[in-house]
Amino acid sequence: MSSDSLVSSSTAPTASAQNARAGRDARTDTIFRTVVTIAGWFVLITLLGAAFSMLWGGREAFSTFGWQFLTSTEWDPVNHKFGAFVPIYGTLVTALIAMLIAVPVSFGIAIFLTEVAPNWMRGPVAAAIELLAGIPSIIYGMWGLFVFVPFMAEHVIPWLNANLGQWPVIGALFRGPPLGMGMLTAGIVLAIMVIPFVSSVMRDVFLTVPVRLKESAYALGGTTWEVVWDIVLPFTRSAVIGGVFLGLGRALGETMAVTFVLGNSHLLSASLLQPGNSIAATIANEFTEADSDIYLSSLIALGFLLFVVTFIVLAIAKLMLKRLAMREGN
Amino acid sequence: MSALSEKLYARRRFKNAVALSLSFAATVFGLFWLVWILWTAFSNGVAALKPSLFTQMTPPPGSDGGLLNAFFGSLMMSLLAVVIGTPIGIAAGTYLAEYARKSAIGETIRFVNDILLSAPSIVLGLFVYTLVVRQMGHFSGLAGGIALALIILPVVVRTTDEMLQLVPSQMREAALSLGVPQWKVTVQVLYRSAMSGILTGVLLGLARISGETAPLLFTALNNQYWSSDMLQPMASVPVVIFQYAMSPYDSWHSLAWAGAFMVTVFVLLLSLVSRAIILRKKVHND
């Protein structure tokens, strides 16, 4: 730089200015790169931070109760005894009911939207189904509490009592006073909330099936159903399972809607028509009432369990969805 | 022989007809709930609408009032969430698309971000509780805003990443070959081209948080009175709806329906606007 300015006084300022500018640009480039890199890592750190902060917050409960925390049905704030079996059971049962309803319905919707419906109908119907995903969960909760719970109590539960309730073995699941609140109601509400997610994944992956493949099957005389069942479904199997797990992850972690219709009871009951509890509903209902450290710690420990389970389920979902995408790429 | 194949054919056709009718029934089943829920929210909400909603504070049990402090609290916390979540999200999305597109660390962050996108929001609320509320010693609007920011973040990261990846690489190469430094290429060329997509992401994130209740229960809590201090507990529409709907008072129920109506309309409008932006962009490109 200094030798440049000695050689020619007329070009010197521009050359040094250019160099200075290049240096400034390089510095700004480094800063910009650093900033966006930090932001990228921030996403990673948020997830790790969430996991560790809950493990830390729940350490008192884990160390006090040990494995009993998972297996005990006792939830007694007065005597500081906490066991998470009832909420864990409720979470799993409501999610299971939700998936039993949501998976076949979503599959049907996806078939309708990709193979059956006339073209003009596909866009609007798909948009309407996706609208279900946009409705905030608190609206589902209010509708559930004020409209759906009374409906279940008046019409559905008496019928279940009179019919399924009389059957041997499974009858125990469908007996009980018509309160309306309970596992079955929560499971149905969850199913409605999960349907748009599962059906939109299924529809998207059904659309990736090569048209040649389907046309070959039709040319051999296959019916629409046979093409869907024997060609489309096997081709997209991993992604369909991924979509189901995505829905399951949603159902396990859903909070407000379930809190409204589950009844918040810590008594274990065999009947699906009785009030129960779920992990998320317990936390939402009791967090601000927690009056002792061990109570709070138990609730945070519940949050940690929920986090671990949903993480595993969602990770499986991602990997399954990726398998189809990778084959698509090849 | 032909009678047998005829029978088989009839059975296959019958099976097909049953399956396709069931698929139609499934779609009707899905739409039925949509109509029922929206109808409930609209009919109860419209009946509960009144001007005092926007001029009065949330009332004590059993008396009349409005939701002014809750609207204000929701507005402030959502603004804070957008102000925090958007820049970090855009920066992280830029890192993924421009600096770590095919790398292992990029794939890991993308994976983690997708999990954050579907993770239960209640978990993020607990995280912010231990991180902010415990350290401050009390609930605050600030903590609520941070919790909501963590919910917006993965939405913005993902849309920014996807939108930047859609920008043709010729655009980058053309700008870089003129000697423009990379940060300027990103800010002045790539962002401009991906702008509408990123904006859609922010709007979708906003739609997600405007009905979000669970994380606010442990962070902002609630406040019956007017408060503009972000360091104090703050009311928000969803939390007030939750509290009022669970109560035994009719006047509180009616306020909860009014709040639910406003939230639903706001969320549906946001999703309409973002759809319109995507559509306009498509038309523009064609």
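Just so it is clear: chains get the letters A, B, ... in the order the sequence lines come, proteins before strands, and each one is counted from 1.
- Of all the listed residues (Gly144(A), Ala191(A), Ala26(A), Gly49(A)), the one sharing the greatest number of non-hydrogen pairs under 4.5 Å with chain B is Gly49(A).
- Neither the backbone nor the side chain of Arg24(A) comes within contact range of chain B; no heavy atoms are under 4.5 Å apart.
- For the pair Leu296(A)/Tyr129(B), a side-chain contact is recorded, criterion being any heavy-atom separation below 4.5 Å from C-beta on.
- Interface remark: Leu272(B) contributes no atoms to any contact with chain A (heavy atom separation under 4.5 Å).
- Interface remark: of the candidates Gly211(B), Ala92(B), Ala100(B), Ala92(B) forms the most heavy-atom pairs closer than 4.5 Å to chain A.
- Across Leu314(A) and Ile115(B), no two heavy atoms sit closer than the pair CD1-O, 3.8 Å.
- Counting heavy-atom pairs closer than 4.5 Å to chain A, the top-ranked of the candidates Pro181(B), Ala17(B), Ala119(B) is Pro181(B).
- Ala26(B) and Val105(A) get closest at one heavy-atom pair: CB-O, 3.5 Å.
- Residue contact with chain A, scored on non-hydrogen atoms closer than 4.5 Å, involves the backbone and the side chain of Phe242(B) alike.
- Side-chain contact between Thr37(A) and Tyr99(B) is absent, with no heavy atoms from C-beta onward closer than 4.5 Å.
- Contact annotation for Phe311(A): both backbone and side-chain heavy atoms come within less than 4.5 Å of a heavy atom of chain B.
- Side-chain contact check for Phe304(A) versus Leu126(B): every heavy-atom pair is 4.5 Å or farther apart.
- At least one side-chain heavy atom of Pro120(B) sits less than 4.5 Å from a side-chain heavy atom of Leu306(A).
- None of Ile109(B), Asn113(B), Leu150(B), Leu116(B) except one satisfies the side chain to side chain contact (heavy atoms under 4.5 Å, CB included) rule with Leu47(A); the exception is Leu116(B).
- Neither the backbone nor the side chain of Ser106(A) comes within less than 4.5 Å of any heavy atom of chain B.
- Note that the CD1 atom of Ile109(A) and the CZ atom of Phe29(B) stand 8.5 Å from one another [nearest 0.5 Å].
- Using a 30° and 60° split on the angle between ring planes, Phe146(A) and Trp257(B) fall in the tilted class, from 30° to 60°.
- A perpendicular orientation is assigned to the rings of Phe148(A) and Trp33(B), their planes being inclined by more than 60° (bins at 30° and 60°).
- Within the 4.5 angstrom heavy-atom criterion, atoms from both the backbone and the side chain of Thr46(A) approach chain B.
- Of all heavy-atom pairs between Ile139(A) and Ala41(B), the closest is CG2-CB, 4.1 Å.
- Contact of the Lys318(A) side chain with the Arg110(B) side chain is not registered, since no non-hydrogen atoms from C-beta on lie closer than 4.5 Å.
- Heavy-atom contacts from other residues, nucleotides or ligands closer than 6.0 Å to OH of Tyr9(B) number 12 or fewer.
- In this structure, CG on Leu38(B) lies 11.0 Å from CH2 on Trp143(A), to the nearest 0.5 angstrom.
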Given side chain to side chain contact (heavy atoms under 4.5 Å, CB included), test Met54(A) with Val123(B) step by step and report yes or no.
CA-CA 8 Å; Met54(A) 278 185 293; Val123(B) 164; 3.3 Å; yes
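- Around CZ of Phe32(B), the count of heavy atoms belonging to other residues, nucleotides or ligands within 6.0 Å exceeds 12.
- Considering only heavy-atom pairs separated by less than 4.5 Å from chain A, the leading option among Ile241(B), Ile88(B), Leu96(B), Thr27(B) is Thr27(B).
- In terms of heavy atoms, Gly134(A) sits closest to Val267(B) at O-CG1, 3.2 Å.
- In this structure, chain B has a heavy atom under 4.5 Å from the side chain of Val116(A), while its backbone stays farther away.
- Salt bridge status for Glu130(A) with Arg275(B): present, with a side-chain N to carboxylate O gap under 4.0 Å.
- No close placement of the Trp41(A) and Tyr95(B) rings is indicated, their centers lying 6.0 Å or farther apart.
- Counting heavy-atom pairs closer than 4.5 Å to chain A, the top-ranked of the candidates Ala25(B), Pro87(B), Ala19(B) is Ala19(B).
- Looking at heavy atoms from C-beta onward, Leu217(B) lies out of side-chain contact with Thr288(A) at the 4.5 angstrom threshold.
- Interface residue Met142(A): backbone and side-chain heavy atoms are both found under 4.5 Å from chain B.
- The CD1 atom of Ile279(A) lies 10.0 Å from the CD1 atom of Ile122(B); values are rounded to the nearest 0.5 Å.
- When all heavy atoms of Leu131(A) and Ser271(B) are compared, the pair lying nearest together is CD1-OG, 4.3 Å.
- Taking Leu221(B), Ile105(B), Val180(B), Leu270(B) one by one and counting their heavy-atom pairs under 4.5 Å with chain A, the maximum is reached by Ile105(B).
- Of the atoms belonging to Asn285(A), it is side-chain heavy atoms, and not backbone ones, that fall under 4.5 Å from chain B.
- Of the atoms belonging to Ser121(B), not a single heavy atom falls under 4.5 Å from chain A.
- No side-chain heavy atom of Leu20(B) sits under 4.5 Å from any side-chain heavy atom of Phe112(A).
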Show the numbers, then the answer: is there a side chain to side chain contact (heavy atoms under 4.5 Å, CB included) between Met246(B) and Phe260(A)?
CA-CA 8 Å; Met246(B) 289 295 228; Phe260(A) 273 102; 3.8 Å; yes
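- Heavy atoms closer than 4.5 Å to chain A are found in the side chain of Val187(B), but not in its backbone.
- Proximity to chain A (any heavy atom under 4.5 Å) is restricted, for Thr130(B), to the side chain, taken from C-beta onward.
- Here the side chains of Trp36(B) and Phe151(A) are in contact, with some heavy-atom distance below 4.5 Å.
- More than 12 heavy atoms of other residues, nucleotides or ligands lie within 6.0 Å of OH in Tyr244(B), so this atom counts as buried by the packing criterion.
- With hydrogens and angles ignored, the 3.5 Å screen pairs a side-chain donor or acceptor of Asn16(B) with a backbone N or O of Trp225(A).
- Each of His253(B), Glu98(B), Lys184(B) has some count of heavy-atom pairs under 4.5 Å with chain A, and the biggest count is that of His253(B).
- For the atom pair Glu226(A) CD and Lys15(B) NZ, the distance stands at 7.0 Å (nearest 0.5 Å).
- Between the CZ atom in Phe107(A) and the OG atom in Ser23(B) there is a gap of 9.5 Å [rounded to 0.5 Å].
- Between Arg33(A) atom CZ and Thr94(B) atom OG1 the span is 13.0 Å, to the nearest 0.5 Å.
- When heavy atoms are compared at a cutoff of 4.5 Å, Thr223(A) approaches chain B by way of both its backbone and its side chain.
- With a threshold of 4.5 angstrom between heavy atoms, Leu131(B) does not approach chain A through any atom at all.
- Asp29(A) and Trp183(B) get closest at one heavy-atom pair: OD1-N, 2.8 Å.
- Within the 4.5 angstrom heavy-atom criterion, only side-chain atoms of Leu145(A), from C-beta onward, approach chain B.
- Using a 4.5 Å cut-off between heavy atoms, Leu246(A) touches chain B through its side chain atoms alone.
- Your options are Gly57(A), Ala117(A), Pro136(A), and the one with the most heavy-atom pairs under 4.5 Å with chain B is Pro136(A).
- For Ile192(A), the part lying near chain B is the side chain, with the backbone staying farther off; criterion is any non-hydrogen pair under 4.5 Å.
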